[in-house]
**Q** 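Can you keep this structure in mind? I'll have questions shortly.
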Amino acid sequence: MRTSFKLLIATLALAAGVSISARPLDAVTKSGKLVAATEGAFTPFNYVDKGKLTGFEVELTELVAKKMGLALEWKTVGFDALLAGLGQDRWDMVIASHGITDERAKAVTFMAPHYCSGGMIVSKDAAIRTAKNLAGKTVAVQTGTTYLENITKLGTAKEVKNFPSDADARSALAAGRVDAWVTDRFTVLETLKKNPGLKLQSGDLLFTERIAAAAAKGNTGLADAWNKALAATMADGSYAALSKKYFGEDVRCK
Ligand code: ARG
């Protein structure tokens, strides 16, 4: 009864053109295709360049999927919808620079970290460099991020302005509408390098975090297979080469 009911739902969903994802590993393997979701707006990790989805995490997922013997299908959606989509069976996995937090780990199963980084302060004002300097200031962050969480926890900013994308938070700083922006350390380095005209200056690292992809809560079969393939890319030099290409250094967690 239960099984046939499930089958009925699945058939109806398929007929309606809704794909059933977040599948157990054997279903993924059988279909030959991994459905991965990302934001596509977080340089240099996942972004669109000349109409093509790319970035360190996109290329790394391509490497890992290949090792898993799977083709890859990408979905791009707003950052806020990514983890929730795992619970709604809209895709098998998410890779979008999520820091591993206890709160998130209640809702999803994190894979092994694929890089280590942290939230960094950026400002046009040389006097805004440290956590202390943020007291009484207006700070821009992307909604739903660990940057927002940590700035809120710090509790000294006059105002924390939320933006749907990290690029919007950057624009607010560039336009002088906020005093500082907090984002990933490597995003900061890339922004400074590519936009010297903005006259932005990097400040302190506010906190560090381990960044990982995620599967639906309890989908340990898929997580284990991903972890094994990720470890293989870290062992055979392909991870190191990709990391060097994007960052000029190896960003794996030490
Ligand atoms: N590392 C931060 C976090 O865990 C930011 C992630 C932002 N990712 C993105 N695709 N915009 O929340």
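Since we're looking at a predicted model, the values are computed, not measured. Order of listing sets the numbers, starting from 1, for every ligand and every atom in it.
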**Q** For residues 193-207, which residue pairs qualify under salt bridge (charged side-chain N to carboxylate O under 4.0 Å, His left out), counting only residues two or more places apart or in two chains?
**A** Glu190-Lys194
**Q** Check each N or O atom of ligand 1 against all protein N or O atoms and list the pairs under 3.5 Å, with atom names and distances to 0.1 Å, one per line.
**A**
{"from": "ligand 1", "atom 1": "1 (N)", "to": "Ser97", "atom 2": "O", "distance (Å)": "2.8"}
{"from": "ligand 1", "atom 1": "1 (N)", "to": "Tyr147", "atom 2": "OH", "distance (Å)": "3.2"}
{"from": "ligand 1", "atom 1": "1 (N)", "to": "Glu209", "atom 2": "OE2", "distance (Å)": "2.7"}
{"from": "ligand 1", "atom 1": "4 (O)", "to": "Ser97", "atom 2": "O", "distance (Å)": "3.4"}
{"from": "ligand 1", "atom 1": "4 (O)", "to": "Gly99", "atom 2": "N", "distance (Å)": "2.7"}
{"from": "ligand 1", "atom 1": "4 (O)", "to": "Arg104", "atom 2": "NH1", "distance (Å)": "2.8"}
{"from": "ligand 1", "atom 1": "4 (O)", "to": "Thr146", "atom 2": "OG1", "distance (Å)": "3.3"}
{"from": "ligand 1", "atom 1": "8 (N)", "to": "Ala96", "atom 2": "O", "distance (Å)": "2.9"}
{"from": "ligand 1", "atom 1": "10 (N)", "to": "Glu39", "atom 2": "OE1", "distance (Å)": "2.9"}
{"from": "ligand 1", "atom 1": "10 (N)", "to": "Ala96", "atom 2": "O", "distance (Å)": "3.3"}
{"from": "ligand 1", "atom 1": "11 (N)", "to": "Glu39", "atom 2": "OE1", "distance (Å)": "2.7"}
{"from": "ligand 1", "atom 1": "11 (N)", "to": "Gln142", "atom 2": "OE1", "distance (Å)": "2.8"}
{"from": "ligand 1", "atom 1": "12 (O)", "to": "Arg104", "atom 2": "NH2", "distance (Å)": "2.8"}
{"from": "ligand 1", "atom 1": "12 (O)", "to": "Thr146", "atom 2": "N", "distance (Å)": "2.8"}
{"from": "ligand 1", "atom 1": "12 (O)", "to": "Thr146", "atom 2": "OG1", "distance (Å)": "3.4"}

**Q** Can you give me every donor-acceptor pair (side chain of residues 46-60, partner residue at least two apart or in another chain, under 3.5 Å) with its distance?
**A**
{"from": "Asn46", "atom 1": "OD1", "to": "Thr38", "atom 2": "OG1", "distance (Å)": "3.4"}
{"from": "Asn46", "atom 1": "OD1", "to": "Gly40", "atom 2": "N", "distance (Å)": "2.7"}
{"from": "Asn46", "atom 1": "OD1", "to": "Ala41", "atom 2": "N", "distance (Å)": "3.3"}
{"from": "Asn46", "atom 1": "ND2", "to": "Thr38", "atom 2": "OG1", "distance (Å)": "3.4"}
{"from": "Asn46", "atom 1": "ND2", "to": "Glu57", "atom 2": "OE1", "distance (Å)": "3.1"}
{"from": "Thr54", "atom 1": "OG1", "to": "Tyr246", "atom 2": "OH", "distance (Å)": "3.4"}
{"from": "Glu57", "atom 1": "OE1", "to": "Ser97", "atom 2": "N", "distance (Å)": "3.2"}
{"from": "Glu57", "atom 1": "OE1", "to": "Ser97", "atom 2": "OG", "distance (Å)": "3.1"}
{"from": "Glu57", "atom 1": "OE2", "to": "Ser97", "atom 2": "N", "distance (Å)": "2.8"}
{"from": "Glu57", "atom 1": "OE2", "to": "Ser97", "atom 2": "OG", "distance (Å)": "3.3"}
{"from": "Glu57", "atom 1": "OE2", "to": "His114", "atom 2": "NE2", "distance (Å)": "2.7"}
{"from": "Glu59", "atom 1": "OE1", "to": "Lys245", "atom 2": "NZ", "distance (Å)": "3.1"}
{"from": "Glu59", "atom 1": "OE2", "to": "Lys245", "atom 2": "NZ", "distance (Å)": "2.7"}
{"from": "Glu59", "atom 1": "OE2", "to": "Tyr246", "atom 2": "OH", "distance (Å)": "2.7"}

**Q** Between Thr183 and Asp166, is any side-chain donor less than 3.5 angstrom from a side-chain acceptor?
**A** yes
**Q** Ignoring hydrogens and angles, write down the donor-acceptor pairs under 3.5 Å from the side chains of residues 208-217, residues two or more places apart or on other chains.
**A**
{"from": "Glu209", "atom 1": "OE1", "to": "Thr146", "atom 2": "OG1", "distance (Å)": "2.9"}
{"from": "Glu209", "atom 1": "OE2", "to": "Thr146", "atom 2": "OG1", "distance (Å)": "3.4"}
{"from": "Lys217", "atom 1": "NZ", "to": "Ala105", "atom 2": "O", "distance (Å)": "2.7"}

**Q** Between Ser238 and Asp236, do the side chains contain a donor N or O and an acceptor N or O under 3.5 Å apart?
**A** yes
**Q** Do Thr130 and Asn133 have side-chain atoms, one donor and one acceptor, less than 3.5 Å apart?
**A** yes
